[in-house]
Peer 1: 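Can you keep this structure in mind? I'll have questions shortly.
First the proteins, then the strands, lettered A, B, ... as listed; each starts at 1. Keep in mind that what you see is a predicted model, and the values were worked out from it rather than measured.
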Number of protein chains: 2
Amino acid sequence: MAPMACSQAYVSILMLLLYSSSFVSGGKLLVVPMDGSHWLSMQSILNQLKKNGHEIVVVAPEINMHIKASDDVYTLKSYPVPFTQEEMDISIKEFGNDNFQELPFLVRFFRTIERMKQTNAMFLAACTHLLYNQELMSYIKESKFDALFTDPMMPCGQIVADYFGIPSVFFLRGIPCGFDFEAAQCPRPPSYVPRGMTGNSDHMTFAQRVKNMLFHLAEYFLCSFVYSPYASLASEFLQRDLSLTELLSHGSIWLMRMDFVAEYPRPLMPNIIIIGGVNCAWKKPLSQEFEAIVNSSGEHGIVVFSLGSMVSEIPMKKAMEIAEAFGTIPQTVLWRYTGETPPNLAKNTKLVKWLPQNDLLAHPKARAFITHAGSHGVYEGICNAVPMVLMPLFGDQMDNAKRMESRGAGVTLNVVDMTSKDLSDALKAVIYDKKYKENIQRLSALHLDRPIEPLDLAVHWVEFVMKHKGAPHLRPAAHDLNWIQYHSIDVIAFLLAAVLLALFISLKCCLFCCRKCCCKSGRMSKKSKSKSH
Amino acid sequence: MAPMACSQAYVSILMLLLYSSSFVSGGKLLVVPMDGSHWLSMQSILNQLKKNGHEIVVVAPEINMHIKASDDVYTLKSYPVPFTQEEMDISIKEFGNDNFQELPFLVRFFRTIERMKQTNAMFLAACTHLLYNQELMSYIKESKFDALFTDPMMPCGQIVADYFGIPSVFFLRGIPCGFDFEAAQCPRPPSYVPRGMTGNSDHMTFAQRVKNMLFHLAEYFLCSFVYSPYASLASEFLQRDLSLTELLSHGSIWLMRMDFVAEYPRPLMPNIIIIGGVNCAWKKPLSQEFEAIVNSSGEHGIVVFSLGSMVSEIPMKKAMEIAEAFGTIPQTVLWRYTGETPPNLAKNTKLVKWLPQNDLLAHPKARAFITHAGSHGVYEGICNAVPMVLMPLFGDQMDNAKRMESRGAGVTLNVVDMTSKDLSDALKAVIYDKKYKENIQRLSALHLDRPIEPLDLAVHWVEFVMKHKGAPHLRPAAHDLNWIQYHSIDVIAFLLAAVLLALFISLKCCLFCCRKCCCKSGRMSKKSKSKSH
């Protein structure tokens with residue numbers, strides 16, 4: 001048996017070496033990003049992955065907002081799309097302007113749907129042009145990537161992953177209408193997990209729970225106009241019928257930009273890793289220009305104002321109202337704004353085309369943050385413990401704002417209705433009423449007291465999927481059940497039927513016995529009667 | 001406004017200092033441990049907490065198995081209990097012996113229940129003597145602990161925590177009958193989360209799902225005889241009616257000794273932190289005695305055999321069968337055994353009263369591990385990538401063994417039925433059939449590829465709860481709902497009623513309209529008829 005034991009020992013050593021050394025030379029990662037702020041926060045992870053020695057290829061449409069070539073972090077492979085930069089810029093600008101218009105609810109609702117259809121048509125066209133770009137697809141095939149890293153809000157990346165059998169890691173804030181949790185088979189009881197856009201918290205009255213259930217039931221129809229074209233495209237391209245949730249169910253790891261200081265506690269699946277605040281990791285020293293502005297603000301400090309990467313211009317009337325409000329506070333205001341300068345701009349207000357938001361908020365002189373309540377901004381506010389004035393515009397921003405306000409860390413304003421005085425009052429409140437600062441400091445302390453930094457966690461799981469070719473041990477068996485099986489409806493029906501059958505048989509037996517007894521006693525009494533007669 | 005801004009700045013600095021420095025001097029931790037192997041793995045966390053500068057007080061009954069005074073890690077406060085060391089030792093020995101007796105199923109079932117009642121009576125008596133020990137309770141009150149660390153399988157610690165309002169951290173393998181997940185409000189769909197003792201995996205046939213559902217429905221009654229006395233004791237002591245799950249629902253953090261390389265993927269709540277394999281962290285170099293035995297084993301290496309901290313003696317007949325099997329393999333066998341030496345013991349088998357299991361398994365010469373499939377042993381097998389022969393005895397051990405076998409990392413034997421040849425064959429299989437080693441190496445690689453060590457994770461969360469006085473931001477709102485509300489049954493009933501009412505009214509309206517029309521046309525036709533007459 002000695003040779004067997006010997007060969008066994010060799011195999012063990014060989015396998016250990018294999019596991020420990022397979023990544024010394026680095027892996028190959030394909031990235032299919034989502035544009036906008038999603039891309040900006042994804043970059044911090046790519047930077048770290050590059051430092052760890054991996055080769056990164058980013059695939060993006062030629063026409064885009066922020067995805068530009070990189071000297072040293074990744075190779076950009078662009079593909080042509082059937083729209084121009086101008087068309088895209090106009091679309092974004094119009095989308096931004098819509099948020100400032102006073103419109104009746106229904107008009108706003110249908111206009112938003114129309115805009116979303118337009119934007120979605122662009123994304124879908126880009127996706128189609130990627131999938132049917134033979135040169136690029138051949139390149140991907142030949143490159144033999146270890147993993148694909150994508151934001152599934154735009155499900156194009158997963159179609160590519162599925163086509164080539166590459167394990168995928170998702171990086172997302174969320175997918176509207178709960179498609180993310182549905183695809184991950186993650187329970188989300190409507191009794192305490194508020195649905196998007198309801199304005200509900202996790203503690204709901206009966207009426208709010210009814211509203212939550214109605215939104216839950218309507219979710220599928222609400223978002224299908226955005227996502228059903230992707231399901232059709234995927235079915236056509238992969239040559240098998242599949243829904244969006246089926247497509248996304250094959251994601252190995254879901255890196256979700258959420259944290260329970262800002263979200264309500266809810267169940268998670270083992271392959272959902274929460275990395276809220278990952279965008280705070282990207283820190284740089286302030287440039288001389290900004291350092292000078294901040295230092296000149298004196299003891300009053302600064303207020304940072306940005307409506308996100310998509311909205312940098314606003315209608316003049318609104319801009320003037322805002323400028324007027326800024327004139328009433330002693331702080332220096334840094335306003336990210338690319339439109340025409342409002343004529344009433346006060347001396348304390350500096351307009352800038354772009355601002356290093358996280359670095360400014362990290363400065364001890366930051367007193368307040370006026371934000372559109374996008375998730376990145378909200379987490380930067382939390383990381384740096386800066387109280388917020390929240391002006392939600394679209395998407396999940398209403399919910400983000402609601403959560404911050406409910407935790408006493410900010411004041412929410414309706415950007416359409418608000419007056420100059422409302423904004424001035426809100427700013428004075430968050431700056432001078434101690435409770436806002438105390439609440440955001442409490443949230444910040446909870447958020448930052450973590451066993452591992454979200455950036456390291458994200459990088460770990462991307463590398464895990466690259467190394468182990470996925471994470472099948474984290475995939476729940478629920479994916480192999482249909483709706484009836486998952487909810488045990490067949491089992492409950494069977495058990496109920498069995499109980500009813502048993503009851504029925506018992507009842508019949510009892511009746512039969514009773515009848516027998518009665519008949520007997522009847523006959524007996526008849527007999528005795530006849531005898532007595 | 002300058003003085004306001006100034007005072008604001010002072011408050012900020014003060015709060016930041018408060019958050020960052022409050023733990024420089026260390027916190028105070030009260031530990032109410034569970035005896036047996038549970039205590040052994042808890043100690044590694046206490047060691048680390050002590051190193052981090054915290055003051056630790058362990059409260060334990062005077063009569064116990066392993067909880068002894070410590071020189072430097074913690075202060076032991078013992079309290080008298082109404083049983084003797086001898087009574088406890090006999091109870092444990094009889095419990096161990098029962099596992100080796102050939103008994104019909106029902107006899108075994110009722111004997112197990114009887115034994116559990118006996119053991120439980122001891123734990124309950126100990127708990128009552130703790131709660132009503134005025135001196136000790138006054139000490140706890142005066143000591144003002146920052147947190148309480150306990151294994152809720154014996155829920156006494158949480159009664160103390162609740163009484164004094166101390167936030168608690170749970171450290172557990174699990175509570176039988178799913179009381180742990182129920183108390184944490186963690187969903188566990190019976191369609192793919194196998195219930196204990198069913199032998200089911202996460203992929204079940206219809207019949208297995210029916211069995212799983214029946215076990216799920218029976219769980220409450222199966223375990224109530226163990227836990228309802230604790231609920232009564234808690235209700236009496238805390239002077240308010242509460243169930244076991246209500247009592248445990250106040251645990252701030254659940255540190256669960258599980259990992260998905262050995263468990264089936266299932267939902268988790270944000271305050272459930274998995275730390276499977278935490279016991280592997282406790283490593284020491286081998287003593288000279290063991291080092292010598294291991295080194296003398298030559299190229300064949302060693303086999304480690306232990307049936308856990310509770311079972312160190314077995315009936316002579318079984319011991320002789322086992323000794324015979326060991327004589328058929330060339331490896332040196334290290335057997336933890338305190339009984340009479342079997343007369344047929346082969347030269348390659350060394351009997352020892354206690355063995356450093358994890359350190360022996362970590363040695364490159366470890367070829368196989370014969371274990372009772374207790375969770376600690378199984379995780380030490382996985383950490384060190386040693387294939388296993390599993391001989392489950394009681395509790396969750398059948399399920400642990402089933403999982404390892406289903407992953408091809410070991411062979412399960414029924415300790416009562418197995419012959420000497422069965423054991424010999426199983427040992428040869430796991431040592432010489434490459435697939436067992438490959439599978440356990442794969443599991444080990446997945447298990448060890450983690451962003452943070454389970455020990456650090458456990459220590460972090462204990463410190464988190466001490467520092468922040470709990471973790472209320474991780475407590476799901478589900479705790480504030482009753483069963484009907486949680487499952488939205490009231491909402492569904494209301495919506496169904498509304499739909500039915502709407503349908504009924506529509507139908508009535510339609511019928512009314514139809515009748516009107518018919519009457520009209522009837523009258524019309526009558527009129528026209530009368531006209532035509």
Peer 1: With chain B as the partner, which of D480(A), I274(A), L268(A) has the greatest number of non-hydrogen pairs under 4.5 Å?
Peer 2: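 If we count pairs closer than 4.5 Å to chain B, L268(A) comes out on top.
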Peer 1: What's the shortest heavy-atom distance between A147(A) and M466(A), and which atoms?
Peer 2: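 Taking A147(A) first and M466(A) second, the nearest heavy atoms are CB-CG, 3.5 Å.
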Peer 1: Of the listed residues (Q485(B), H460(B), M204(B)), which shares the most heavy-atom pairs with chain A below a 4.5 Å separation?
Peer 2: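 Counting heavy-atom pairs under 4.5 Å, the top option is H460(B).
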Peer 1: Which region of N271(B), side chain (C-beta onward) or backbone (N, CA, C, O), has a non-hydrogen atom less than 4.5 Å from a non-hydrogen atom of chain A, or is it both or neither?
Peer 2: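 N271(B) has no heavy atom closer than 4.5 Å to chain A.
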Peer 1: Which atoms form the tightest heavy-atom contact between V462(B) and L255(B), and what is the distance?
Peer 2: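 V462(B) and L255(B) have their closest heavy atoms at CG2-CD1, 4.2 Å.
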Peer 1: Using a 4.5 angstrom heavy-atom cutoff, name the option from P364(B), G301(B), G298(B), P189(B) with the most pairs to chain A.
Peer 2: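 Heavy-atom pairs under 4.5 Å are most numerous for P189(B).
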Peer 1: Does R266(B) count as lying over the ring of F181(B), i.e. NZ or CZ under 6.0 Å from the six-ring centre, within 45 degrees of the axis?
Peer 2: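 Yes, R266(B) lies over the aromatic ring of F181(B).
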Peer 1: Do F464(B) and W461(B) have ring centroids that are under 6.0 Å from one another?
Peer 2: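 Yes; F464(B) has its ring centre under 6.0 Å from that of W461(B).
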Peer 1: Based on non-hydrogen pairs under 4.5 Å, which of A471(A), S444(A), S191(A) is most in contact with chain B?
Peer 2: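 Highest number of pairs under 4.5 Å: S191(A).
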Peer 1: Quick check on Y264(B) against chain A: is it the side chain, the backbone, both or neither that has a heavy atom closer than 4.5 Å?
Peer 2: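 Interface part for Y264(B): neither.
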Peer 1: How close do P167(B) and K469(B) get, counting heavy atoms only, and between which atoms?
Peer 2: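 Looking at all heavy atoms of both residues, the closest pair is CG-C, 3.8 Å.
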Peer 1: With chain B, which of D449(A), I492(A), L481(A) has the greatest number of heavy-atom pairs at distances under 4.5 Å?
Peer 2: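 If we count pairs closer than 4.5 Å to chain B, D449(A) comes out on top.
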Peer 1: What residue in I272(A), L495(A), L457(A) has the most heavy-atom pairs under 4.5 Å with chain B?
Peer 2: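 Ranked by contacts with chain B, first place is L495(A).
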Peer 1: Tell me, for L446(B) versus chain A, whether the close heavy atoms (under 4.5 Å) come from the side chain, the backbone, both or neither.
Peer 2: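 For L446(B), backbone and side chain are both near chain A.
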Peer 1: Is it true that K365(B) and E299(B) have a side-chain N and a carboxylate O under 4.0 angstrom from each other?
Peer 2: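 No, K365(B) and E299(B) are not salt-bridged.
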Peer 1: Could D259(A) and R450(A) be called an ion pair, given the rule that one side-chain N must be under 4.0 Å from one carboxylate O?
Peer 2: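 Between R450(A) and D259(A) there is no salt bridge, as every charged N stays at least 4.0 Å from the carboxylate O atoms.
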Peer 1: For R475(B), which atoms come within 4.5 Å of any heavy atom of chain A: side chain, backbone, both, or neither?
Peer 2: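 For R475(B), the backbone is the part near chain A, not the side chain.
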Peer 1: Under 4.5 Å heavy-atom distance to chain A, tell me which part of H473(B) shows up: side chain, backbone, both or neither.
Peer 2: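 For H473(B), the contact with chain A is made by backbone and side chain together.
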Peer 1: Go through the atoms of P476(A) and report whether side chain, backbone, both or neither lie under 4.5 Å from a heavy atom of chain B.
Peer 2: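 P476(A) touches chain B through backbone and side-chain heavy atoms alike.
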Peer 1: Mind ranking R209(B), H203(B), M213(B) by heavy-atom pairs under 4.5 Å with chain A and telling me who comes out on top?
Peer 2: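 Answer, by heavy-atom pair count under 4.5 Å with chain A: R209(B).
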Peer 1: Could you tell me the separation between the CG atom of L448(A) and the CD atom of Q441(A), rounded to the nearest 0.5 Å?
Peer 2: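 Answer rounded to 0.5 Å: 11.5 Å.
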Peer 1: What I'd like to find out is whether the side chain of K211(B) reaches to under 4.5 Å of the side chain of L214(B), using heavy atoms alone.
Peer 2: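 The answer is no; the side chains never approach within 4.5 Å.
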Peer 1: Side chain from CB out, backbone as N, CA, C, O: work out which of these in P270(B) comes under 4.5 Å of a heavy atom of chain A, or both, or neither.
Peer 2: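 Both parts, backbone and side chain.
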Peer 1: Between L474(A) and chain B, which part of the residue has a heavy atom less than 4.5 Å away: side chain, backbone, both or neither?
Peer 2: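 Its backbone and side chain both get close to chain B.
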Peer 1: For the pair N212(A) (side chain) and P190(A) (backbone), establish whether a donor and an acceptor sit closer than 3.5 Å, ignoring hydrogens and angles.
Peer 2: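 Flag set: sc N212(A) to bb P190(A) pair under 3.5 Å.
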